[in-house]
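Presented below is the structure to which this report refers.
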Protein chains: 2
Amino acid sequence: MIRVGFYQFCPTFGDVRANLHKIAEAIEKIRADILVLPELCITGYLFTSHDEVAELAEPIPGPTTLFLENLTRRKHMWLVLGMAERVEANDRSSLRCYNSAVLIGPDGLKGVYRKAHLFLEEKLYFARGDTPFRVYDLGIARAGMLVCFDHFFPEATRALALQGTQIICHPSNLVLAGKGQQITRVRAMENRIFWVLANRYGTEERNGKKLTYTGASQIIAPDGEILAQAPPNEESLQIIEISPSAADDKHVTAMNDLFQDRRPELYKAP
Amino acid sequence: MIRVGFYQFCPTFGDVRANLHKIAEAIEKIRADILVLPELCITGYLFTSHDEVAELAEPIPGPTTLFLENLTRRKHMWLVLGMAERVEANDRSSLRCYNSAVLIGPDGLKGVYRKAHLFLEEKLYFARGDTPFRVYDLGIARAGMLVCFDHFFPEATRALALQGTQIICHPSNLVLAGKGQQITRVRAMENRIFWVLANRYGTEERNGKKLTYTGASQIIAPDGEILAQAPPNEESLQIIEISPSAADDKHVTAMNDLFQDRRPELYKAP
């Protein structure tokens, strides 16, 4: 059994120090093997220009991942979180930013995933992800990362699940009320994997734009059962015990293994 | 606008005449463009041997489809239903039966789909489907067929949706309480298509086996809204008006077209 959880909170836009402090404070008081935090939780989400993103995004590795590595090394745990990644270029004009997720563990930075499916105005401020959907063997479990809107596309989860992913770590800032939570439940079911959705809550209002996030972070079992769920509009730090190997059994009935039962020869190429 | 609906009923096992009579009676009293009936609704579902299936299955075209064609020609409507299909062979030993769906319209039999993903003991009594996932242009709409457990596999719906399917016609005998209905809702959302789930209700008990079906047939809009829903345990015939072309717009936000946003280059081959 391992301890997995989410920390649903409300980052302060643009205040990296405050957000890191909040995260560190939460981590200090818990015992967990894997903790998932929301999307873009170091900077806040509601950017209104590419320059703003470039200003607040960081290289990976960089100051934020180094700070968090100190925590995960000392607490001997894994952390998955969403953050704005800046890719340094020779000249400012070719600078690119990604809406990324990072995986940081007891030995430091392990992986970076760049959001493949950008939502709304993210398309104006971030480059489309170019990293493959990849499973990471953490020793205690095999984990994969998706960021928010990625979950809408069944092929993304499927690619991770077919590689042996047991737990999807899903930093999010979901805004379509209720839908995101329904979708992740079905993704868990159809792949028989665990799912840790770490959603933020609260409202951001900047330069005439406004977004309200739906909270309701959840941990789903391979059979679709909701193992933990946060309220929609308040801070919530929840950690539960799961046995990741339960995700290796793809049987939905005694005679139906969901992976064996697939008929790729009948599906069109995606 | 076209009129689509489902007829949720409880077939009598083995009594083809009674089931056809029931269907005919329902059709006589309605006005619909497309009506969907449950899986294996001509024979009942709970077979307990291959011989039983062979006995009750029919060739397509055959007596049942001819009977139903008379109705659809006269009522100028489309019908999708699940039935056991027998494929005649030279010798009895190579006889094959499929858990099929048929599409019958104003001009007669239009298509047959053979269930690709067999559930539980269907594997003992039916051959795995060998028909491709194919969209049919009905003039009034583009429709695709899936049978019950097929919906668990996102690739099947995706294959139909990418070919331009606007409405999935889904004859079912769902037994996993609540899950099937959740899954079809998410399938509609993730492909932005209409979905007509025609589920049966009631309990079958035969030769020491017993199954209870979950009813709750539903019609789902491309945005996931439930447009019509039957109760879990009674007969229900519901018809609503929809505009199939609403399924051609794949935007989930002004900037997100779900098909344009796909990243096939990042998905592994299924």
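Here the structure is a predicted model, which is why all the values come from computation and not from measurement. By convention in this document, chain letters (A, B, ...) are assigned in the order of the sequence lines, proteins followed by strands, and residues within each chain are numbered from 1.
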Q.
If we define contacts as heavy-atom pairs under 4.5 Å, which of Leu160(A), Thr253(A), Asn256(A) has the most with chain B?
A. Asn256(A)
Q) Does any heavy atom of chain B fall under 4.5 Å from the side chain of Arg158(A), the backbone, both, or neither of them? A) side chain
(Q) Would you say that Phe153(B) contacts Arg262(A) through its side chain, given a criterion of any heavy-atom pair below 4.5 Å between the two side chains? (A) yes
Q.
Looking at Lys209(B), I'd like to know if its NZ atom is crowded, meaning that more than 12 non-hydrogen atoms belonging to other residues, nucleotides or ligands lie closer than 6.0 Å.
A. no
**Q.** Proximity breakdown for Glu121(B) and chain A, heavy-atom pairs closer than 4.5 Å
**A.** both
Q) Got a second to check how far Leu258(B)'s CG is from His117(A)'s NE2, nearest 0.5 Å? A) 9.5 Å
Q.
Do Leu176(B) and Val252(A) make a side-chain contact, defined as non-hydrogen atoms from C-beta onward lying under 4.5 Å apart?
A. yes
(Q) Let's test your reading of the structure: which of Ala254(A), Ala156(A), Ala116(A), Gly224(A) forms the most heavy-atom pairs below 4.5 Å with chain B? (A) Ala116(A)
(Q) Within the structure provided, determine whether Glu122(A) and Met255(B) are in side-chain contact (heavy-atom separation under 4.5 Å). (A) no
Q: Could you look at Thr131(B) and say if it's the side chain, the backbone, both or neither that has a heavy atom under 4.5 Å from chain A?
A: backbone
**Q.** Separation between CG of Leu266(A) and CZ of Arg128(B), rounded to the nearest 0.5 Å
**A.** 8.0 Å
Q. Which region of Asp223(B), side chain (C-beta onward) or backbone (N, CA, C, O), has a non-hydrogen atom less than 4.5 Å from a non-hydrogen atom of chain A, or is it both or neither?
A. both
(Q) Tell me which one of Met189(B), Arg185(B), Arg187(B) satisfies side-chain contact (heavy atoms from CB on, under 4.5 Å) with Val186(A). (A) Arg187(B)
Q: Decide yes or no for Asp261(A) and Phe119(B): does some side-chain heavy atom of the first lie under 4.5 Å from some side-chain heavy atom of the second?
A: no
Q) Could you state the interatomic distance from CD (Gln182(A)) to CD1 (Ile183(B)), rounded to the nearest 0.5 Å? A) 11.5 Å
Q.
Could you check whether any side-chain heavy atom of Glu155(B) comes within less than 4.5 Å of a side-chain heavy atom of Glu155(A), counting everything from C-beta outward?
A. no
